[in-house]
Amino acid sequence: MRQNTRNAPAGFATRAIHLGYEPASEHGALTPPIFMTSTYAFESAEAGAELFRGERAGYIYGRNRNPTQALLEERIASLEGGEAALAVASGMGAIASLLWTLLSAGDEVVIDHTIYGSSFALLTKGLTRFGIAVHPVDMTRLETLEAALTPKTKLVFFETPANPNLRVIDIAAVAERAHAAGALAVVDSTFCSPAIQRPLQFGADLVVHSATKYLGGHGDLLGGLVVGPAETIKQIRTVGLRWLTGATLSPINAFLILRGLKTLELRMERHCASASALAELLASHPAVARVSYPGLASFPQYALAKRQMSLPGGLIAFELEGGVAAGTALMNRLELITRAVSLGDAETLIQHPASMTHSTYSAEERQKHGISDGLVRLSVGLETLDDLVNDLAQALDSLRA
Ligand SMILES: *Cc1c(COP(=O)(O)O)cnc(C)c1O
C-alpha cells in the first residue's frame with residue numbers, strides 16, 4: 001500500500017481497501033487476482049524439502065495457505081489490531097480449528113451460557129465426548145465466572161453481543177479473570193465486525209468471526225476467521241486446519257470477503273443507523289413487550305455497550321405481547337423483511353431463535369440461558385429505511401386488528 005503523504009498510519013477503511021496489495025506487482029490489476037490452485041510447484045526437490053521443514057518461505061499445498069487467503073488474513077489482522085489471522089471455510093470451521101488445537105482431554109472450558117446454537121452444540125455435545133469439561137455460566141455476573149474457573153481451565157469463550165438476545169459481556173473484566181486463572185479469553189465478535197468492536201484492545205487473546213455475516217456482507221458465501229498472536233495462529237493453521245478440520249476457505253470466497261471488506265465500514269454505519277430507527281419503532285409500539293438493542297437508552301448494559309462498541313450494531317431482539325403465536329404471525333405478515341436465519345446481509349432478515357438457530361438448546365437450557373421462546377431476532381439490512389419501517393409497522397399493526 002502506498003504511504004500517505006504525512007506518513008500517518010492509514011485509517012480503517014483505507015486499510016480495508018488497500019492494505020497488502022500493490023497493483024504494480026500484478027500487471028497493474030486494480031483488484032487482487034484469485035489464485036485458483038490446489039498445489040504449488042517446487043523449484044527443486046531440495047527447495048520442496050526446505051519448505052516442509054519451515055526453512056524456506058513459500059506455498060506448499062492449498063489446504064494450508066493460498067495467496068488470496070493470505071491477503072485476506074493480512075487485512076483482517078490489521079483491522080482487528082492483531083498480529084496474525086487465519087481464514088477458514090466457515091465460522092464453525094474457525095471455532096472448531098481453534099478449540100481442537102488448543103484443548104486436550106482433561107482440560108476445562110468456561111463458556112457464556114448464551115452463544116450461537118452450533119457453537120453451543122460443538123462445545124457441550126461435541127468436545128465433551130473427548131474428555132473436555134465445558135461449564136456454561138452467566139458472564140454478565142462475574143462471580144459465576146470466577147466460581148467456574150479452576151487450574152484446569154484452558155479457555156474462556158463468549159460472544160458479545162451474544163446471539164440471539166444481545167446480552168453484552170464486559171471483555172476487559174472477563175479477560176482479566178481468565179488471565180488470572182491462566183486461561184485464554186476467546187471472543188466471537190461476529191455480531192460487530194472489527195468496524196465497530198475490537199476485542200483485542202480490551203485484553204482478549206483471540207477473536208473469531210463468522211465471515212459469512214458482516215465481513216462477507218452479501219449473503220453469498222460461508223467463511224470464518226481467527227485473529228490473535230502470530231505463534232498461536234501458526235499453531236491453529238498447522239495443527240487445527242491442516243490435520244484436524246481441513247476447513248480450508250476457497251480462493252473465490254477469500255476474494256469475495258476481500259470485496260466485502262471494502263465497504264464494511266460504510267455498510268456497518270447504515271446497518272446501525274437503520275437498526276436504531278427500527279429499535280425505536282419497536283420500543284414505542286403497543287404490540288411489543290420488550291426490545292433488546294444496545295443503542296436504546298433502556299438497554300440494561302447501555303453504558304458498557306457504548307464503551308466497547310463504537311456503534312450499537314445491526315441486530316435487534318424483541319418479544320411481542322402475544323408471545324410465540326404473535327411472533328409467528330408477525331413473521332408471516334412481513335412482505336419485504338425476509339424469513340431466514342443468518343445475519344449481516346444487505347437483505348433484512350427475521351428469525352425465531354427457539355425453533356431455528358437455537359433449537360440445539362433444550363427447552364430447559366433455553367429457559368435457564370435467557371433465550372425465551374417468544375424472542376424474535378431481526379438483522380437489519382441495507383434497504384431504504386422507509387420501506388423497512390412501513391413493512392414492520394404494517395405487520396405489527398395487523399397483530400392488534
Ligand atoms: C453464524 C455464526 C457462527 C457460525 O458461523 P458459520 O459461518 O455459519 O459457520 C458462529 N458464531 C456466531 C455468533 C454466528 O452468528
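Just so you know, residue 1 is the first one in the sequence shown, and it goes up from there. As the structure lists them, so they are numbered: ligands from 1, and atoms in each ligand from 1.
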Output, in order, the C-alpha distance, side-chain angles, deciding distance and verdict of side chain to side chain contact (heavy atoms under 4.5 Å, CB included) for Val389 and Leu278.
CA-CA 7 Å; Val389 167; Leu278 294 185; 3.7 Å; yes
Under 4.0 Å from a heavy atom of Ser90: which atoms of ligand 1 are those, numbered in the order shown and with their elements?
7 (O), 9 (O)
Go through the steps to decide whether Thr150 and Glu108 satisfy the test side chain to side chain donor-acceptor pair (under 3.5 Å), and finish with yes or no.
CA-CA 8 Å; Thr150 78; Glu108 297 184 6; 3.0 Å; yes
Check this for me - ligand 1, Ser119, N or O atoms closer than 3.5 angstrom, yes or no?
no
Which residue owns the protein heavy atom closest to atom 2 (C) of ligand 1, what's the atom, and how far is it?
Lys213 NZ, 2.5 Å
For atom 4 (C) of ligand 1, the closest protein heavy atom turns out to be Tyr116 CE2, 3.4 Å
Short side-chain donor-acceptor distance under 3.5 Å, Asp386 and Thr384:
no
Which of the numbered atoms in ligand 1 are under 4.0 angstrom from any heavy atom belonging to Thr212?
6 (P), 7 (O)
Purely on distance, is any nitrogen or oxygen of Leu222 under 3.5 Å from one on ligand 1?
no
Under 3.5 Å, is there a donor on one side chain and an acceptor on the other for Gln69 and Glu73?
yes
Taking atom types as modelled and ignoring hydrogens, do the side chains of Thr348 and Glu383 form a donor-acceptor contact shorter than 3.5 angstrom?
yes
Using atom types as modelled and distance alone, determine if a side-chain donor or acceptor of Lys213 lies under 3.5 Å from a backbone N or O of Gly91.
no
Tightest non-hydrogen contact, residues Tyr21 and Arg75, listed as CB-NH2, 3.6 Å
Taking the non-hydrogen atoms of Gly223, is any one of them nearer than 4.0 angstrom to ligand 1?
yes
For Asp188, the ligand 1 atoms with a heavy-atom partner under 4.0 Å come out as 10 (C), 11 (N), 12 (C), 13 (C)
To check your reading of the model: name the closest protein heavy atom to atom 6 (P) of ligand 1, its residue, and the distance in Å.
Gly91 N, 3.3 Å
What I want to know is whether Met92 and ligand 1 share at least one N or O pair that is separated by under 3.5 angstrom.
yes
Indicate whether the side chain of Glu319 and that of Ser372 have a donor and an acceptor atom separated by less than 3.5 Å.
yes
Can you list the atoms of ligand 1 that are under 4.0 Å from a heavy atom of Glu159?
13 (C)
